[in-house]
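Quick notes on the structure that follows.
Note that this is a predicted model, so its numbers are computed, not measured. Heavy-atom basis, side chains included; hydrogens, waters and symmetry copies ignored.
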Amino acid sequence: MSYNNNGNVVPAADPLPGKKTKLMSSRSWVSIVATGESETLDVDKYAIMHRVQIHARDLRILDPNLSYPSTILGRERAVVLNLEHIKAIITADEVLLRDPSDENVIPVLKELERRLPVGNEAQNGQGDGKESSSANNDADAAEEDDSPFEFRALEVFLEAICSFLAARTTELETAAYPALDELTSKISSRNLDRVRKLKSAMTRLTARVQKVRDELEQLLDDDDDMADLYLSRKLSSASSASSSPNCYLTSPTIGSKISRASRASLATARGDENDVEELEMLLEAYFMQIDSTLNRLTTLREYIDDTEDYINIQLDNHRNQLIQLELVLSSGTVCSAFYSLVAGIFGMNIPYTWNDNHGYMFKYVVILTGAICVILFTFIMSHARYKGLVGS
């Protein structure tokens with residue numbers, strides 16, 4: 001509420017419709033469960049924090065209004081994932097995906113709905129004929145994949161982001177290589193500006209790919225971080241520990257046997273917690289894919305650098321030709337100055353006696369001056385050729 005010059009109350013202006021819609025859409029989430037069913041959620045951050053039991057600082061990483069690098073964080077009951085446009089929270093039984101209406105997120109959502117169901121659930125809602133056979137093939141593949149729910153969701157996200165960055169790299173290569181070849185054939189302001197824009201786009205894309213690669217490499221280097229991503233295993237370990245029988249402790253013999261069995265099961269669980277081979281193989285596969293994309297960008301950068309070196313060589317060659325022309329003109333100017341000097345001396349109206357009855361002196365002086373100019377011009381050009389300023 002504000003006041004005008006007359007002291008009257010002026011109601012606050014309503015926010016712009018576009019901004020209001022943007023704020024509301026940024027709060028939209030979609031929940032995908034293990035059956036492949038999705039549900040749109042329009043809730044605030046506190047409801048999400050209570051639903052998946054994460055801290056506000058973890059949820060802030062997924063805020064589209066804030067700039068955070070690519071991150072994969074393992075928490076007690078969730079995995080917080082921020083990969084470019086993919087901002088999601090993975091739990092042991094559902095996936096929360098932010099901004100489902102984004103054009104880059106829609107294909108990821110459809111892929112989650114197709115690949116998350118396991119077993120007969122993948123066949124629900126399918127028709128007959130070719131659609132039924134395709135659904136059976138997907139179901140057979142899903143039955144063979146006994147990975148935990150969180151790994152299946154993580155694989156979809158990693159595949160989506162790797163494919164997205166690879167597609168952007170292909171588009172950049174398609175535009176960059178012809179532009180560089182055109183620049184080498186014809187150096188112009190238009191071609192130079194076009195290559196400059198492509199080089200800027202390549203630098204930004206390389207930084208994005210590098211961030212995803214560094215995050216995967218950091219995960220692969222730390223077994224504890226990879227173990228934090230095993231949500232189903234942590235959930236089953238917690239359930240086993242909480243369901244340990246206490247009603248038989250009245251009998252010392254039975255109680256000791258149960259204690260020994262519990263200790264053995266806990267030791268086995270601790271041994272399984274150190275086994276991260278399944279996740280390591282998953283991350284390595286997509287690490288190799290994103291590393292291949294980075295190598296393609298590195299090759300493109302080297303090609304741009306080679307093109308710049310070639311252009312600099314061409315410009316240096318043109319510059320040397322200009323220097324050669326300037327040197328020739330300067331030498332000619334110096335030689336012509338001697339003739340001007342002779343003409344100036346003999347043209348002055350000053351009485352002198354040595355020219356009396358000696359008219360042949362002018363001819364001798366002109367011949368001598370010409371010889372000196374030729375010698376001087378030859379010396380200058382020889383010295384310039386020795387220094388490499390002109391060609392042989």
Side-chain angles (χ1 to χ4, degrees), residues 25-26 28-41 61-64 67-74 78-91 94-118 122 134 138 141-142 145 147-173 204-220 226 229 231 278-297:
S25 62
S26 64
S28 62
W29 296 75
V30 61
S31 171
I32 307 100
V33 295
T35 59
E37 298 177 355
S38 59
E39 177 187 2
T40 304
L41 306 175
I61 297 176
L62 307 180
D63 193 344
S67 178
Y68 280 91
S70 297
T71 308
I72 301 177
L73 298 177
V79 175
V80 181
L81 187 139
N82 177 29
L83 296 176
E84 294 288 327
H85 55 275
I86 301 177
K87 303 178 184 299
I89 301 174
I90 306 174
T91 64
E94 74 169 340
V95 176
L96 294 177
L97 186 62
R98 188 158 198 169
D99 296 337
S101 59
D102 191 331
E103 60 180 0
N104 294 322
V105 179
I106 292 176
V108 181
L109 177 59
K110 293 181 179 180
E111 191 68 12
L112 285 172
E113 294 174 347
R114 185 182 70 86
R115 294 173 58 175
L116 285 183
V118 179
S134 177
D138 293 342
D145 186 8
S147 300
F149 173 82
E150 62 270 18
F151 288 177
R152 297 200 304 273
L154 180 61
E155 183 176 6
V156 172
F157 291 138
L158 291 177
E159 181 179 347
I161 193 61
C162 290
S163 301
F164 176 80
L165 293 176
R168 300 290 84 77
T169 302
T170 302
E171 293 177 359
L172 184 61
E173 289 176 336
R204 293 191 298 268
L205 183 59
T206 302
R208 294 161 61 187
V209 174
Q210 185 70 48
K211 289 178 182 178
V212 177
R213 181 189 180 279
D214 291 343
E215 183 62 25
L216 293 180
E217 185 178 15
Q218 184 179 357
L219 276 176
L220 287 170
M226 286 191 289
L229 302 183
L231 303 179
E278 180 180 2
L279 179 59
E280 186 175 5
M281 290 189 297
L282 174 64
L283 294 178
E284 281 181 351
Y286 291 100
F287 175 80
M288 295 297 295
Q289 185 174 349
I290 199 69
D291 188 62
S292 175
T293 303
L294 184 61
N295 290 335
R296 291 168 57 189
L297 290 171

Kindly say whether V33 contributes a backbone atom to a donor-acceptor pair with the side chain of T35 at under 3.5 angstrom?
no
Would E113 and S38 count as having a side-chain donor-acceptor pair, cut-off 3.5 Å?
yes
Does R98 reach the main-chain N or O of L62 with its side chain, forming a donor-acceptor pair under 3.5 Å?
yes
Taking atom types as modelled and ignoring hydrogens, do the side chains of S31 and E39 form a donor-acceptor contact shorter than 3.5 angstrom?
no
One thing to verify: whether R213 and E217 come together as a salt bridge, which I'm taking to mean a side-chain N less than 4.0 angstrom from a carboxylate O.
yes
Within the side chain of T170, is there an N or O that forms a donor-acceptor pair under 3.5 Å with the backbone of A166?
yes
With no hydrogens and no angle check, just 3.5 Å: does a side-chain donor-acceptor pair link D214 and Q210?
yes
Salt bridge (charged side-chain N to carboxylate O under 4.0 Å, His left out) filter on D63, not counting sequence neighbours, yields none
Is any side-chain N of the basic residue among E171 and R168 closer than 4.0 Å to the acidic one's carboxylate O?
yes
Quick one: are E278 and L282 in side-chain contact, heavy atoms under 4.5 Å?
no
Going by heavy atoms in the side chains, are V30 and L41 under 4.5 Å from each other?
no
What I'd like to find out is whether the side chain of I161 reaches to under 4.5 Å of the side chain of Y286, using heavy atoms alone.
no
Taking D102 for the side chain and N104 for the main chain, is one N or O donor matched with an acceptor at less than 3.5 Å?
yes
Residues at least two apart in sequence or cross-chain that pass salt bridge (charged side-chain N to carboxylate O under 4.0 Å, His left out) with E284, listed by chain then number, are none
So do the side chains of D291 and L216 get within less than 4.5 Å of each other, counting heavy atoms only?
no
Less than 4.0 angstrom from a charged side-chain N to a carboxylate O is my criterion; do E155 and R152 meet it?
no
Counting only N and O atoms by type, is there a donor-acceptor contact under 3.5 Å from the side chain of E215 to the main-chain atoms of I72?
yes
